[in-house]
Amino acid sequence: MALQGPIPVTFDMVFPHGCYVVGQVEAVKDFDASTSGRFVQSRDKTSGELVWQVAVMDADPTVKPGQKTVAVKILTMVQPVPPAPMPGLPFTPVEFDHLTVTPYVNGNGRLAYSIKAREMRAPRTGSATTPTHPGSTPAKHTAISGKDAA
């Protein structure tokens, strides 16, 4: 099979309605290398870069409430900084560049996806994922169901 490892995708494929930061950017722990008194940050197996993660809420209205919040892992040597909050919004809109998804079977025996990115940034103005007014919908409607923190 030609597909090996993480599958490259676009932001609009994963979050066609956009997403919002709902947590802090945190270092991902390397459970094999860490000890009870020493934290070791995880590194990506392919690139060797440090792994960070941030919780985001998927703005897709059709996603079940229990699946709305997912973790996006960010591969970079420097801790990423979320975009500045937007006045009047309870959450900060965010977009990710250079996304990949890796399918896996979670602890419940269901298909889920680990989402990784290289960059986190503010949404571009005029983007298909940035609604122009409440209730508007983006132009693209391709979604990945079963997203899960991994």
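Heavy atoms only: backbone and side chains are in, while hydrogens, waters and symmetry mates are out.
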Same cluster or not: V51 versus V78, using hydrophobic residues (I, L, V, M, F, W, Y) connected whenever any side-chain heavy atoms lie under 4.5 Å apart? no

Main chain of R110, side chain of N108: is a donor-acceptor contact present, judged purely on distance under 3.5 Å? no

If only side-chain N and O atoms count, and only distance matters, is there a donor-acceptor pair under 3.5 Å linking D60 with T62? yes

Under a single-linkage definition using a 4.5 Å side-chain heavy-atom cutoff for Ile, Leu, Val, Met, Phe, Trp and Tyr, are V21 and F15 assigned to the same hydrophobic cluster? yes

Check whether any side-chain heavy atom of H17 lies under 4.5 Å from a side-chain heavy atom of P61, and answer yes or no. yes

Side-chain heavy atoms nearer than 4.5 Å, only ILVMFWY residues, links allowed to pass through others: does that put V28 and I115 together? no

In Å, rounded to the nearest 0.5 Å, how long is the span from CD of Q41 to CD of Q79? 8.0 Å

Just to verify, what does T76 make a side-chain hydrogen bond (donor to acceptor under 3.5 Å, both in side chains) with, not counting sequence neighbours? none

Closest approach of L111 to P103 (non-hydrogen atoms, all atoms of both residues): CD1-CB, 4.0 Å

Count I, L, V, M, F, W, Y as connected when their side-chain heavy atoms are under 4.5 Å apart, and connections chain through other members. Are V14 and M120 then in the same cluster? yes

Find the distance between CD (Q53) and NZ (K73) and round it off to the nearest 0.5 Å. 6.0 Å

dist F39:CZ -> F31:CZ (nearest 0.5 Å) comes out at 8.5 Å

Taking P16's backbone N and O only, do any of them form a donor-acceptor pair with D12's side chain (distance below 3.5 Å, no angle check)? no

Pair V94-V56, side-chain contact (heavy atoms from CB on, under 4.5 Å): steps then yes or no: CA-CA 8 Å; V94 66; V56 299; 4.2 Å; yes

Can you sort out the partners of S36 under side-chain hydrogen bond (donor to acceptor under 3.5 Å, both in side chains), two or more places apart, ordered by chain and number? none

Between R43 and D30, does at least one N-O distance fall below 4.0 Å, as a salt bridge requires? no

Could you report the tightest heavy-atom contact between F11 and L99, atom names first, then the distance? CA-CD1, 3.4 Å

Side-chain ion pair, D44 and K116, N-O less than 4.0 Å: yes

Working to the nearest 0.5 angstrom, can you tell me the gap between K68 NZ and D58 CG? 5.5 Å

Please report the shortest heavy-atom distance between V72 and A117, naming the atom on each side. CG1-CB, 4.2 Å

Determine whether V54 and M77 fall in the same hydrophobic cluster, where Ile, Leu, Val, Met, Phe, Trp and Tyr are linked whenever their side-chain heavy atoms lie under 4.5 Å apart. yes

Here the pair of heavy atoms bringing P93 nearest to P83 is O-CG, 3.6 Å

One should read off an interatomic distance between F91 CZ and M86 CE, to the nearest 0.5 angstrom, of 14.5 Å

Rounded to the nearest 0.5 Å, how far does OG1 of T100 lie from CD1 of I7? 9.0 Å

